[in-house]
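In what follows, chains are A, B, ... by sequence order, proteins preceding strands, each numbered from 1.
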2 protein chains.
Amino acid sequence: MEEKPRLSREKIIAAAAGLADRSGLARVSMRNVGAELGVEAMSLYHYLSNKEELLDELSDFVFSQIEIPDESTQWRSALEFRASSTRRVLVAHPWGLGMIESRPIPGPALLKHHNSVLGHLVRAGCEPLFASQAFATLDAFVYGFVLSETSMPFEMKEGAEMDYAASLTLDESEYPFLAENVAALREAGGFAFSDGFQVGLGIILDSIEARL
Amino acid sequence: MEEKPRLSREKIIAAAAGLADRSGLARVSMRNVGAELGVEAMSLYHYLSNKEELLDELSDFVFSQIEIPDESTQWRSALEFRASSTRRVLVAHPWGLGMIESRPIPGPALLKHHNSVLGHLVRAGCEPLFASQAFATLDAFVYGFVLSETSMPFEMKEGAEMDYAASLTLDESEYPFLAENVAALREAGGFAFSDGFQVGLGIILDSIEARL
DNA sequence: ACCTGAACACCGTTCAAGT
DNA sequence: ACCTGAACACCGTTCAAGT
């Protein structure tokens with residue numbers, strides 16, 4: 001009677017990702033991931049050498065979900081596509097961002113991206129050095145925007161930003177420009193932080209285009 | 001005989017920050033911070049209601065160190081100054097970035113910044129909505145850049161980036177553009193990731209200036 | 001008021017043992 | 001080969017007790 005193994009690397013990673021999505025990265029412990037799979041914590045050590053390795057796999061799992069645009073796509077659309085896909089994946093799995101910081105070894109998924117973006121920039125006419133720097137600028141913007149977006153103290157519903165802004169007791173004498181800005185935005189009928197993504201992307205791509 | 005208290009909120013925060021600087025945020029436990037001050041873990045609970053509160057204080061400690069430019073400074077210099085100061089502080093205390101994600105309630109230090117940056121943008125001639133979006137773009141870039149910078153797998157020494165790039169076994173057929181880019185940069189005599197900060201800042205500020 | 005010690009419910013990880 | 005249970009050195013936090 002052969003017993004099929006109940007576990008596999010893939011199943012463990014999927015269980016850990018699901019747990020992180022539902023309850024946050026803090027609840028991803030060897031014991032909890034084991035419980036998720038109906039197994040003791042120690043069983044996981046047959047498939048992973050330690051928790052560090054589980055987190056590495058989790059990080060690669062996130063990046064492998066980012067879509068890469070076709071080589072034939074016009075450069076600006078291609079960069080917009082990739083930036084939006086990256087944002088979508090990281091917003092869906094906010095714990096992914098925190099892992100960039102701690103797990104710096106680039107996996108194959110990341111290298112594939114790097115290659116694709118550089119290709120579009122070079123074919124658009126960028127010098128090698130500027131291509132690298134433009135890429136770094138775009139990536140920094142995407143990561144930073146998601147960092148702000150996922151840590152906003154409100155749900156991303158229509159107008160919730162303004163409700164929140166209004167709820168802040170803004171001392172006008174202490175923060176005059178901030179208070180003025182909030183008032184002006186409210187008068188103009190609101191403000192959605194998320195819209196800033198396309199605007200910011202446009203700001204950066206315009207400058208890159210101007211330097212080609 | 002009156003006994004002076006050995007502890008204070010400030011001393012605890014300073015000890016925690018020092019520990020984080022030296023050994024990373026992961027080693028900041030109530031027990032370790034206590035030991036740093038020659039005291040049992042439980043003593044800290046007389047000054048802080050829990051660890052969450054300690055982390056909130058730690059986050060504010062970081063932001064309060066960012067320098068705010070003078071109101072009279074020309075807008076572009078002012079925004080460059082603030083961005084550079086933010087980067088410098090976050091590179092010195094890399095654990096600060098990770099705290100943005102988890103601790104979203106804006107403290108006074110952050111509100112002061114927000115106010116200063118909006119002031120410069122508005123006086124430069126930005127509409128309220130564009131001022132907010134330009135600010136979000138700049139901040140996203142700074143945060144994201146530091147995120148990449150502090151998680152680079154090498155020390156930020158002259159030329160270390162290229163040594164690292166060379167050490168990667170880059171399959172040319174799999175990553176042709178990436179391989180080409182690395183080769184071109186090497187031929188041009190190297191590349192420093194850090195330089196990308198001024199370039200990226202310039203890319204964004206150029207676009208903002210063009211839209212005034 | 002300020003600090004401690006024991007205790008509880010958690011961690012990651014080791015090791016020897018079971019099937 | 002695959003999974004478990006006990007054990008060790010850690011966590012944050014509560015509570016009663018000491019000064």
Side-chain angles (χ1 to χ4, degrees), chain A residues 1-61 95-96 98-99 101-105, chain B residues 1-61 95-96 98-99 101-105:
Chain A
M1 276 291 134
E2 301 223 354
E3 298 286 335
K4 290 246 169 81
R6 277 186 273 169
L7 262 44
S8 71
R9 235 162 189 276
E10 290 69 34
K11 275 185 199 163
I12 295 172
I13 295 156
L19 192 58
D21 286 344
R22 291 197 314 280
S23 323
L25 199 56
R27 300 215 68 86
V28 177
S29 69
M30 298 302 267
R31 283 168 167 90
N32 286 341
V33 173
E36 198 85 356
L37 295 158
V39 117
E40 296 300 313
M42 288 321 301
S43 310
L44 308 180
Y45 285 85
H46 267 266
Y47 301 90
L48 299 158
S49 52
N50 47 39
K51 192 184 178 183
E52 201 70 354
E53 201 170 297
L54 174 59
L55 295 180
D56 280 333
E57 290 287 1
L58 223 41
S59 156
D60 199 63
F61 171 81
W95 42 270
M99 313 199 57
E101 222 181 338
S102 42
R103 244 136 283 291
I105 295 142
Chain B
M1 277 289 135
E2 300 223 353
E3 299 287 335
K4 290 246 169 78
R6 278 186 271 170
L7 262 45
S8 71
R9 234 161 189 274
E10 290 69 34
K11 276 185 198 165
I12 294 172
I13 295 156
L19 192 58
D21 286 345
R22 290 197 313 281
S23 324
L25 199 56
R27 302 214 68 87
V28 177
S29 69
M30 299 302 267
R31 283 170 167 88
N32 287 340
V33 173
E36 198 84 357
L37 295 157
V39 117
E40 297 300 312
M42 289 319 303
S43 310
L44 307 180
Y45 285 85
H46 267 266
Y47 300 90
L48 299 157
S49 52
N50 48 39
K51 190 184 178 182
E52 200 70 355
E53 202 170 295
L54 174 58
L55 294 180
D56 281 333
E57 291 286 1
L58 223 40
S59 155
D60 200 63
F61 171 81
W95 43 269
M99 313 199 58
E101 222 180 340
S102 42
R103 242 137 286 290
I105 296 142

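- Taking CG from Leu54(B) and OG from Ser49(B), the interatomic distance works out to 10.0 Å, rounded to the nearest 0.5 Å.
- Between Leu7(A) and His46(A) the shortest side-chain heavy-atom distance does not fall below 4.5 Å.
- Within the nucleic acid shown, Arg6(B) comes within 4.0 Å of sugar-phosphate atoms alone, with no base atom in reach, counting heavy atoms only.
- A straight line from NZ of Lys11(A) to C1' of dC2(D) spans 13 Å, rounded to a whole angstrom.
- When the C1' atom of dG12(D) is taken as reference, atom CZ of Arg31(B) falls 7 Å away, rounded to whole Å.
- In the set dG12(D), dC2(C), dT4(C), dC2(C) carries the atom at the smallest distance from any side-chain atom of Pro5(B).
- For the atom pair CG (Leu58(B)) and CD1 (Ile12(B)), the distance works out to 12.0 Å, reported to the nearest 0.5 Å.
- Phe61(B) meets the side chain to side chain contact (heavy atoms under 4.5 Å, CB included) test with Ile13(B), Ala17(B), Gln65(B), Trp95(B); sequence neighbours excluded.
- Of the residues in residues 12-20 of chain A, not one comes within less than 4.0 Å of DNA chain D through any heavy atom.
- Nearest to the side chain of Ser29(B), among dC3(D), dC11(D), dT13(C), sits dC11(D).
- Helical stems of DNA chain C (runs of at least 3 Watson-Crick or G-U pairs, donor-acceptor distances under 3.5 Å) are listed by first residue: C:4-8 with D:12-16, C:12-16 with D:4-8.
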Using distance only, find each side-chain donor-acceptor pair of residues 30-37 of chain A under 3.5 Å and give its atom names and separation, not counting sequence neighbours.
residue  : atom : partner  : partner atom : Å
Asn32(A) : ND2  : Arg27(A) : O            : 2.8
Asn32(A) : ND2  : Ser29(A) : OG           : 3.3
Glu36(A) : OE2  : Arg22(A) : NH1          : 3.4
Glu36(A) : OE2  : Arg22(A) : NH2          : 2.3

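- Nucleotide dC10(D) holds its C1' atom 10 Å from the CZ atom of Arg27(B), rounded to whole Å.
- When the P atom of dG12(D) is taken as reference, atom CG of Leu48(B) falls 12 Å away, rounded to whole Å.
- Each of Met30(A) and Leu7(B) was assigned the nucleotide of DNA chain C with the nearest heavy atom; the assignment lying further toward the 5' end belongs to Leu7(B).
- Annotation for Tyr47(A) and Pro5(A): closest pair OH-CB, 3.6 Å, computed over non-hydrogen atoms.
- Residues from residues 32-47 of chain B lying near DNA chain C, meaning a heavy-atom separation below 4.0 Å, are Val39(B), Glu40(B), Met42(B), Ser43(B), His46(B), Tyr47(B) in numerical order.
- Residues Val28(A) and Leu19(A) approach most closely at CA-CD2, 4.1 Å, considering heavy atoms.
- One atom, NZ of Lys51(B), and another, P of dC10(C), lie 17 Å apart when rounded to the nearest Å.
- Atom CD in Glu52(A) sits roughly 12 Å away from atom P in dG12(C) (whole-Å rounding).
- Residue pairs meeting the salt bridge (Lys or Arg N to Asp or Glu O under 4.0 Å) criterion with at least one partner in residues 7-21 of chain B, sequence neighbours excluded, are Arg9(B)-Glu53(B), Arg9(B)-Glu57(B).
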